[in-house]
Amino acid sequence: MQAMISIENVSKSFLAKGAEPFTALDDVSMRIRDREFFTLLGPSGCGKTTLLRIIAGFDFPSAGTVRIEGADSSALPPQKRPVNTVFQSYALFPHMTVAENVAFGLQMQKVVKSDRQARVAEALRLVRLESMASRLPGQLSGGQQQRVALARALAPRPKVLLLDEPLSALDLKLRREMQGELKRLQQETGITFILVTHDQEEALAMSDRIAVMSAGRVLQMGAPREIYDNPKSRFVADFIGESNVLPGATVGHGADIMVAVRPERIALSMLASGLPGKIRGTITSITYLGLDTLYEITLDNGERLRSRSRQSISGLDAGQPVILDWPSDAERHLAN
């Protein structure tokens with residue numbers, strides 16, 4: 001299958017007066033499929049937003065090629081690319097109604113009025129705001145304003161929708177609701193979505209595939225479960241979900257590796273229970289989190305780790321010595 005977006009050996013450096021050049025992207029390559037929900041995930045400064053801007057045409061690569069549907073688009077301006085962008089700020093025109101905001105891009109494209117009205121109605125239906133077409137942005141909640149921004153980006157029917165941390169300004173409950181809405185929109189429209197976020201939970205919930213980035217490079221790319229279950233580096237193990245990373249020698253492996261174990265795979269039992277275990281430690285704190293309970297443990301050699309259980313374990317208290325165990329398939333060996 002031909003990729004919708006091909007990033008081929010793309011690098012981007014910025015020059016600052018009186019300072020050394022800064023490399024934001026370092027030889028990045030990836031293929032993003034048609035009709036895919038793809039996420040660029042990483043901490044601030046990893047290069048994900050720079051890459052999104054290069055796909056959009058707001059920046060141009062210092063080296064390498066960007067292809068859209070197989071055609072070299074590296075030097076094309078944004079208006080010449082079949083993409084649209086939703087930014088962190090909604091950037092709605094406060095003096096225009098919802099319908100007028102959604103129609104704005106279509107007017108710039110000189111879409112005839114009858115088609116424009118049909119597309120506005122279609123876009124508002126997609127984001128479930130048909131009844132609010134005549135309202136002003138100031139009369140809407142934050143979530144509703146975000147939906148208007150999405151409708152405005154969808155109305156021109158782009159082949160690719162770029163999403164630059166679009167949910168970061170919303171509260172937790174609304175953010176989770178909008179995650180479901182974005183996934184629904186992507187599936188209903190069939191448009192390729194490319195999301196930029198630093199929120200690993202957001203990436204895991206919505207994506208078909210994820211590219212984990214750090215320091216301008218892609219460290220690992222794959223389906224959410226693949227990346228969560230099989231991290232290839234300590235950075236990915238730490239960044240995607242929670243992970244305990246221990247020296248191999250601590251758990252009976254060679255000193256030249258690190259061993260990653262997810263907290264939910266670690267079972268605890270009282271030292272006096274006589275049950276076998278891999279290592280011993282002492283509970284330093286217990287935190288009830290609603291869905292599960294978090295146990296923080298200090299091992300006998302001073303290493304610290306976490307265990308999560310869906311229910312409180314009877315008889316375990318802070319300060320109590322415990323045995324820790326996990327199945328062998330819970331271990332992921334990482335290069336030291």
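The first residue in the sequence is number 1, and the count goes up from there.
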Out of curiosity, does [Y] fall in the hydrophobic cluster containing [X] (side-chain heavy atoms, cut-off under 4.5 Å, transitive links)?
X	Y	answer
Val245	Val236	no
Val261	Leu305	yes
Val196	Ile5	yes
Val111	Val83	no
Phe239	Met30	no

Once you round to the nearest 0.5 Å, how far does [atom1] of [X] lie from [atom2] of [Y]?
X	Y	atom1	atom2	result
Leu52	Leu163	CG	CG	8.0 Å
Asn9	Ser29	CG	OG	4.0 Å
Glu226	Lys232	CD	NZ	7.0 Å
Arg308	Glu242	CZ	CD	4.0 Å
Leu40	Arg209	CG	CZ	11.0 Å
Asp34	Ile32	CG	CD1	11.5 Å

Nearest non-hydrogen partners of [X] and [Y], listed with the distance:
X	Y	value
Tyr295	Ser309	CE1-CB, 4.2 Å
Gly281	Leu324	N-CD1, 3.7 Å
Lys183	Asp208	NZ-OD1, 3.2 Å
Ile55	Ile68	O-CD1, 4.4 Å
Ala91	Arg152	O-NH1, 3.1 Å
Pro224	Ala203	CG-O, 4.5 Å

Would you check if the side chain of [X] reaches a backbone N or O of [Y] as a donor-acceptor pair within less than 3.5 Å?
X	Y	result
Ser73	Ala71	yes
Arg135	Thr97	no
Gln117	Ser114	no
Thr39	Leu41	no
Gln320	Asp317	yes

Apart from [X] itself, residues in the same hydrophobic cluster as defined by side-chain heavy atoms under 4.5 Å:
X	result
Phe14	Phe22
Val112	none
Leu294	Leu289

Does atom CZ of Arg265 have more than 12 heavy-atom neighbours from other groups under 6.0 Å away?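 Yes, because the 6.0 Å sphere around CZ of Arg265 holds more than 12 heavy atoms from other groups.
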
Does Arg184, at its CZ atom, have more than 12 non-hydrogen atoms belonging to other residues, nucleotides or ligands within less than 6.0 Å?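 Counting other residues, nucleotides and ligands, CZ of Arg184 exceeds 12 neighbours.
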
Is there a side-chain contact between [X] and [Y], using heavy atoms and a 4.5 Å cut-off?
X	Y	value
Met270	Ile323	no
Leu316	Val322	yes
Ile210	Met221	no
Glu181	Leu150	no
Pro156	Gln109	yes
Asn101	Pro137	yes
Arg176	Glu201	yes
Met258	His333	no

Run the numbers on Val218 and Val212 for side chain to side chain contact (heavy atoms under 4.5 Å, CB included), then give the verdict. CA-CA 6 Å; Val218 175; Val212 183; over 6 Å; no

Between [Y] and [X], is the closest basic N to carboxylate O distance under 4.0 Å?
X	Y	value
Glu122	Arg119	no
Asp26	Lys12	no
Asp164	Lys48	no
Glu264	Arg310	no
Arg175	Glu165	no

Step-by-step salt bridge (charged side-chain N to carboxylate O under 4.0 Å, His left out) determination, Glu130 to Arg147: CA-CA 11 Å; Glu130 306 101 305; Arg147 289 169 191 257; over 6 Å; no

Applying side chain to side chain contact (heavy atoms under 4.5 Å, CB included) between [X] and each of [options], report the one that passes.
X	options	answer
Leu154	Leu185, Val86, Leu124	Leu185
Ile297	Ile266, Thr282, Leu268	Leu268
Pro61	Ile7, Ile54, Val28, Leu51	Ile54
Met4	Ile194, Thr192, Ile191	Thr192

Ring pair (Phe, Tyr, Trp, His ring centres under 6.0 Å) partners of residues 92-150, not counting sequence neighbours, each pair once: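 As it turns out, the ring pair (Phe, Tyr, Trp, His ring centres under 6.0 Å) pairs with a partner in residues 92-150, which skip direct neighbours, are Phe93-Phe104.
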
Return each pair, listed once, that meets ring pair (Phe, Tyr, Trp, His ring centres under 6.0 Å) where at least one residue sits in residues 28-48; pairs must be two or more places apart or across chains.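 Of all non-adjacent pairs touching residues 28-48, those that pass ring pair (Phe, Tyr, Trp, His ring centres under 6.0 Å) are Phe37-Phe193.
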
Where do Trp326 and Glu331 land on the side chain to side chain contact (heavy atoms under 4.5 Å, CB included) test, with the steps shown first? CA-CA 8 Å; Trp326 56 84; Glu331 295 184 357; 3.0 Å; yes

Without hydrogens or angle criteria, can the side chains of Glu296 and Thr284 be said to hold a donor-acceptor pair below 3.5 Å?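 There is no such pair (donor and acceptor under 3.5 Å, judged by atom type) between the side chains of Glu296 and Thr284.
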
Cut-off 3.5 Å, side chains only: do Asn230 and Arg332 have a donor facing an acceptor?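 Side-chain D/A pair, Asn230 to Arg332: present.
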
Begin with the C-alpha distance, continue with both residues' side-chain angles, and end with the deciding distance and a verdict on side chain to side chain contact (heavy atoms under 4.5 Å, CB included) for Leu334 and Val259. CA-CA 6 Å; Leu334 313 173; Val259 175; over 6 Å; no

Applying side chain to side chain donor-acceptor pair (under 3.5 Å) as the test, list every pair that has at least one member in residues 57-72; sequence neighbours left out.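 For residues 57-72: Glu8-Arg67, Arg53-Asp59, Glu69-Lys159, Asp72-Ser74.
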
